[in-house]
Amino acid sequence: MDCSKLAENGTPELGMEFNSEEDAYKFYNKYDFKMGFSVRKDYLNKDKDGMTTSRRYSCCKEGVKRKYEGDVMPKRTRAPTKTGCGAKMVIVLFRGTMKYRVHDLVLEHNHELHIAQCAHMMPSQRKVSVAQGFQAEISEDAGLSLKQNLELMGTEAGGMGNVGYTRDDLKRYLRTRRERSLKYGEAGSMLNYFQEQTLENPSFFHAVQLDCEEQITNIFWADAGMLIDYNFFGDVVTFDTTYKTNKEYRPLGVFVGFNQHRQIVIFGAALMYDETIDSFKWVFGTFLEAMCGKHPSTILTDQDHAMAAALSIVMPETFHGLCTFHIRRNFMKHLGNHYKENSDLPYMFGACMYEFEEVEQFNRVWEAMVKKHNLENNEWLSGLYKIRDKWARCMMKERWTAGMRSTQLSKSLNAAIKNHLKLDHDLVQFFRHFNRVVDEKRHNELIAEYEMRQKLPMVGLRQTPMLVHASETYSPTVFVAFQNEYGESTAMVILRQQDAAMFVEFTVMRYDGGPERTVVFNRNDLSVRCSCKKYENEDILCGHALKVFDTVGIKIIPPEYIKRRWTNRARARDCFDRQGQEVVADPKVMISTRYRELAPAMIKVATRAAMSEDTSKVAITVISDLSKRVELLLSESEEQPLQNQKNLNMEERDKIEIVNEMGEAVVARGIKKRGGGKKSKVMRSWVDKFDRVKRKSRLSRTTQTTVSESEPTSVSFEEYMFMGCHSSTDSVSTHSMSQTVNGPPNVVALDTDESQTIHRLANQGPPANVPTEWMHPRFSIFSKHNSIRDVLMEERGAISTHCDVDAYHVFAPSP
């Protein structure tokens with residue numbers, strides 16, 4: 001029968017012929033959609049040349065469900081779907097015509113067929129197309145959940161029935177995609193991700209550390225944008241680690257700072273194996289290597305001893321400040337028991353940290369606090385006092401910190417990262433979603449840049465030359481801070497003025513009271529120096545200095561007091577990487593520009609062409625011809641060598657070598673795993689854990705073993721049996737029924753006449769003094785078996801035959 005006639009008669013018949021196996025499947029699948037059943041590709045036969053000679057298509061309900069052969073029924077079982085339906089269509093290849101002919105056909109079903117409204121849910125009618133898969137991948141990379149992804153597809157298709165697949169199909173498709181991305185393992189996929197980034201932008205920096213077993217332990221990376229940000233704003237850095245961002249529970253360390261808008265910028269990131277001195281030394285050293293050896297002026301971290309020791313070695317010239325938030329938290333942890341009602345201990349400690357600007361006042365209040373609350377012998381507080389230059393205001397007021405006193409920037413970034421990351425993400429997914437966080441922060445900076453040029457600054461006193469000058473120089477955020485200081489200067493009064501040959505000393509104070517400040521003005525270079533040290537700490541002139549400038553007739557900000565990092569031209573210079581090449585944040589910026597021009601036009605054409613079948617065919621034909629012409633032009637352009645190089649590297653994924661610390665090129669054997677991850681919630685019974693041992697024991701039942709005896713303890717055999725059952729989900733071994741049990745201070749062994757005890761256990765149940773929680777049905781062997789004697793004796797023979805009994809020791813739980 002000619003295939004062209006198949007559309008007229010939709011029912012299969014014996015003798016029908018098809019040009020190919022695929023045509024036969026499409027025809028039968030179309031028939032089952034109309035009838036309301038799902039088709040399944042069954043067996044097939046091929047000749048020596050690989051050509052299919054016969055194929056059977058069956059109803060999805062063909063056959064019956066196999067019975068479970070295990071000893072213990074699983075907790076959850078799937079409902080049976082097979083009914084032994086005999087509906088089928090068998091095709092056979094005829095060599096004469098080289099066509100497939102319907103050789104056997106059964107149309108009757110022994111089950112109820114689906115209604116037309118549910119036909120799209122049948123397995124043979126569900127498929128994720130190439131276009132739908134591409135859109136699903138984009139949605140997943142954008143952070144949409146599986147449910148949101150499917151709802152978006154349903155909205156675009158005009159209903160869930162028009163999507164063509166279900167949620168489970170989409171879930172399997174995305175899982176297959178992730179498995180495909182890990183084709184060469186996590187280590188190979190990660191290294192190839194780094195290599196692809198390097199090919200796209202040669203300034204991309206990455207490094208990995210190997211241990212003695214050639215396994216990857218620590219990972220560091222920084223893209224071109226991070227290198228540029230550090231070149232402009234890397235004078236003050238905060239570093240903090242956070243957990244629960246990846247399935248290996250590796251600490252994620254991120255180097256963070258401020259830009260000219262006082263927004264978060266990221267300088268680099270590291271996935272660490274552990275938080276030891278050696279790991280921190282490698283991370284900090286690699287960070288400096290990526291940044292061309294440029295040390296930050298200040299780095300703020302939490303109160304971690306390993307981190308402090310590593311910084312003192314790698315960055316000895318960098319000031320290391322401690323996060324005040326972590327200090328306050330540790331203060332509550334170590335001194336919480338000293339708190340009483342109406343206690344002034346936290347207020348005195350907070351004043352020492354934030355308020356006192358003079359060292360003498362700090363020491364006086366500190367000594368009074370220690371003496372009043374009897375803390376002279378507190379080791380933590382004594383150790384904190386020894387490093388007071390890292391956290392006390394009076395010690396840090398001359399240190400350049402850009403106004404930061406804590407790692408709150410890192411904490412804010414960590415919260416944003418955890419909103420985008422999940423524990424079940426693999427490394428490739430981790431990097432992809434981490435880049436989303438980085439892109440989000442960079443987009444926030446672009447918004448601030450747009451508003452800086454779009455909106456005029458809100459100048460309070462427009463006739464003031466210094467404020468007008470500041471509004472034209474500083475970024476909007478920093479200008480607001482400067483304008484506040486200028487407003488403070490209007491409330492200042494000069495109490496005294498002492499003239500000298502070169503210097504003039506002013507004593508300045510607020511008109512309504514407050515501390516007196518000493519401001520020294522230099523007549524030669526027109527510089528000022530205030531005792532509050534605000535400019536040294538934040539690079540913004542204080543109100544006391546501005547009052548002196550106004551007094552001596554200086555109406556604009558001197559150039560030496562304008563910090564470039566706070567201006568609206570902070571990025572107006574070039575940046576070079578460690579090879580001496582200019583760093584370009586986005587080398588494909590022209591490609592992005594052209595894409596923004598082409599995409600709306602193509603979408604408009606596709607929208608109009610989808611209105612009818614004829615216009616759709618015309619559009620597909622034109623697009624196919626256009627695609628061929630584009631590929632031909634690209635193959636002749638200069639961009640092709642780079643693409644060939646990328647393809648070559650993609651083919652050699654599993655041959656990437658890493659240079660170790662000895663300068664030798666080695667192939668990484670994988671990523672070193674660390675514990676502490678999520679544990680399985682599935683709790684297995686004692687019998688399930690030894691099911692494999694039991695099957696082996698049937699082949700060697702004749703072997704006899706002797707159980708060693710030892711001094712009994714107060715734990716009875718009945719209680720011990722329940723301890724063994726309870727410990728199947730903990731670290732206690734369940735081999736306890738036929739081996740020695742060690743537990744401090746004495747040990748317990750089986751009774752010499754254990755058959756009587758086993759018989760008593762089977763008939764009476766658990767002893768009265770066994771805790772109730774140990775008698776849960778999951779742990780109780782009595783709720784699973786009628787003949788406990790047979791089970792225990794069988795397990796004893798299995799363990800004695802295949803295990804070294806004396807090598808296992810089980811500790812009884814503490815009462």
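These values consider heavy atoms only, across backbone and side chains, with no hydrogens, waters or symmetry-generated copies. These figures come from a predicted structure and were not determined experimentally. The first residue in the sequence is number 1, and the count goes up from there.
The heavy-atom pair separating Ile264 from Lys441 by the smallest distance is O-CB, 4.0 Å. Taking each heavy atom of Thr52 and Leu93 in turn, the nearest pair found is O-CD2, 3.7 Å. Closest approach of Glu108 and Ala87 over heavy atoms only: O-CB, 3.5 Å. Contact record, Arg436 with His433: NH1-ND1, 2.9 Å, taken as the closest heavy-atom pair. Between Val437 and Ala416, the shortest heavy-atom contact is CG2-O, 4.1 Å. Across every non-hydrogen atom of Ser58 and Arg56, the tightest pair is OG-NE, 3.5 Å.
Contact annotation: the side chain of Gln125 never approaches that of His120 to less than 4.5 Å [non-hydrogen atoms, C-beta and beyond]. Lys34 is not listed as a side-chain neighbour of Asp32, based on a closest heavy-atom distance of 4.5 Å or more. The shortest distance between side-chain heavy atoms of Asp23 and Tyr100 does not fall below 4.5 Å. A 4.5 Å side-chain heavy-atom check between Ile417 and Val254 finds at least one atom pair inside the cut-off. In this structure the side chain of Met122 reaches within 4.5 angstrom of the side chain of His114, judged on heavy atoms. Contact of the Leu152 side chain with the Ser139 side chain is registered, since non-hydrogen atoms from C-beta on lie closer than 4.5 Å. Looking only at side-chain heavy atoms (C-beta outward), Thr198 and His206 come within less than 4.5 Å of each other.
Under the 3.5 Å distance criterion, with hydrogens and angles disregarded, no donor-acceptor pair is assigned to the side chains of Asp47 and Thr53. A donor atom on one side chain and an acceptor atom on the other are found under 3.5 Å apart for Ser124 and Asn29.
A donor-acceptor pair under 3.5 Å is formed between the side chain of Lys61 and the backbone N or O of Thr81. Using a distance-only test at 3.5 Å, with no hydrogens or angles considered, no donor-acceptor pair links the side chain of Asp104 to the main chain of Ile91. Within the 3.5 Å criterion, the main-chain N or O of Arg55 finds no donor-acceptor partner in the side chain of Asp42. In terms of modelled atom types and a separation under 3.5 Å, the side chain of Ser624 and the main chain of Ile620 share no donor-acceptor contact. A side-chain donor-acceptor contact under 3.5 Å links Ser616 to the backbone of Ala609. Asn192 places no side-chain N or O within 3.5 Å of a backbone atom of Gln195 that could act as its donor or acceptor partner. Of the possible donor and acceptor atoms, one in the side chain of Asp223 sits under 3.5 Å from a partner among the backbone N and O of Gly225. Between the Gln148 side chain and the Ser145 main chain, a donor and an acceptor come within less than 3.5 Å of each other.
In this structure, the separation between CZ on Phe204 and CD on Glu196 is 10.5 Å, given to the nearest 0.5 Å. Separation of atoms CD (Glu21) and OG (Ser54) is listed at 9.5 Å; rounding is to 0.5 Å. In this structure, the separation between CG on Leu413 and CD on Glu440 is 9.5 Å, given to the nearest 0.5 Å. Rounded to the nearest 0.5 angstrom, Met16 CE and Leu14 CG are separated by 9.5 Å. Atoms NZ and OG, from Lys99 and Ser20 in turn, are 11.0 Å apart once rounded to the nearest 0.5 Å. Once rounded to the nearest 0.5 Å, the distance linking NZ of Lys147 with CD of Glu151 reads 5.5 Å.
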Next on the checklist: The test is side-chain contact (heavy atoms from CB on, under 4.5 Å); show your working for Val90 and Val102 and say whether it passes.
Outcome noted: CA-CA 6 Å; Val90 181; Val102 179; over 6 Å; no

Next on the checklist: One pair to check against side-chain contact (heavy atoms from CB on, under 4.5 Å): Met190 and Ile216. What are the steps and the verdict?
Outcome noted: CA-CA 11 Å; Met190 178 197 69; Ile216 298 176; 3.7 Å; yes

Checklist entry - For Met51 and Met98, what are the C-alpha separation, side-chain angles and deciding distance, and is it a side-chain contact (heavy atoms from CB on, under 4.5 Å)? => result CA-CA 11 Å; Met51 179 176 289; Met98 294 304 293; 3.6 Å; yes

Checklist entry - Would Ser627 and Val630 count as a side-chain contact (heavy atoms from CB on, under 4.5 Å) if you check the C-alpha gap in whole Å, the side-chain angles of each, and the deciding distance to 0.1 Å? => result CA-CA 5 Å; Ser627 177; Val630 169; 5.7 Å; no

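Summarising the local packing, NE2 of His103 is surrounded by 12 or fewer heavy atoms from other residues, nucleotides or ligands at distances under 6.0 Å. The number of heavy-atom neighbours closer than 6.0 Å to OH of Tyr450, taken from other residues, nucleotides and ligands shown, is 12 or below. Atom NZ of Lys26 has 12 or fewer heavy atoms from other residues, nucleotides or ligands within 6.0 Å.
Note that Lys127 lies outside the cation-pi zone of Tyr165, set by a 6.0 Å cut-off to the ring centre and a 45° limit from the axis.
The side-chain contact (heavy atoms from CB on, under 4.5 Å) test applied to Leu107 returns Thr11, Pro12, Tyr31, Leu105, not counting sequence neighbours. The side-chain contact (heavy atoms from CB on, under 4.5 Å) search around Thr621 returns Asp625, not counting sequence neighbours. By the ring-ring contact (aromatic ring centres under 6.0 Å, His included) test, Phe434 is found to be paired with Trp221, residues two or more places apart in sequence or in another chain being considered.
Partner Glu62 forms a salt bridge (charged side-chain N to carboxylate O under 4.0 Å, His left out) with one of Arg40, Lys82, Lys88 and no other, that one being Arg40.
Classification of the Tyr25-Tyr57 ring pair by plane angle, with boundaries at 30° and 60°, yields tilted. Taking the six-membered ring for Trp and thresholds of 30 and 60 degrees, His109 and Phe37 have ring planes inclined between 30 and 60 degrees apart.
Centroid-to-centroid, the aromatic rings of Phe431 and Tyr193 come within less than 6.0 Å.
Arg172 has a carboxylate O that lies under 4.0 Å from a charged side-chain N of Asp169, or vice versa, which qualifies the two as a salt bridge.
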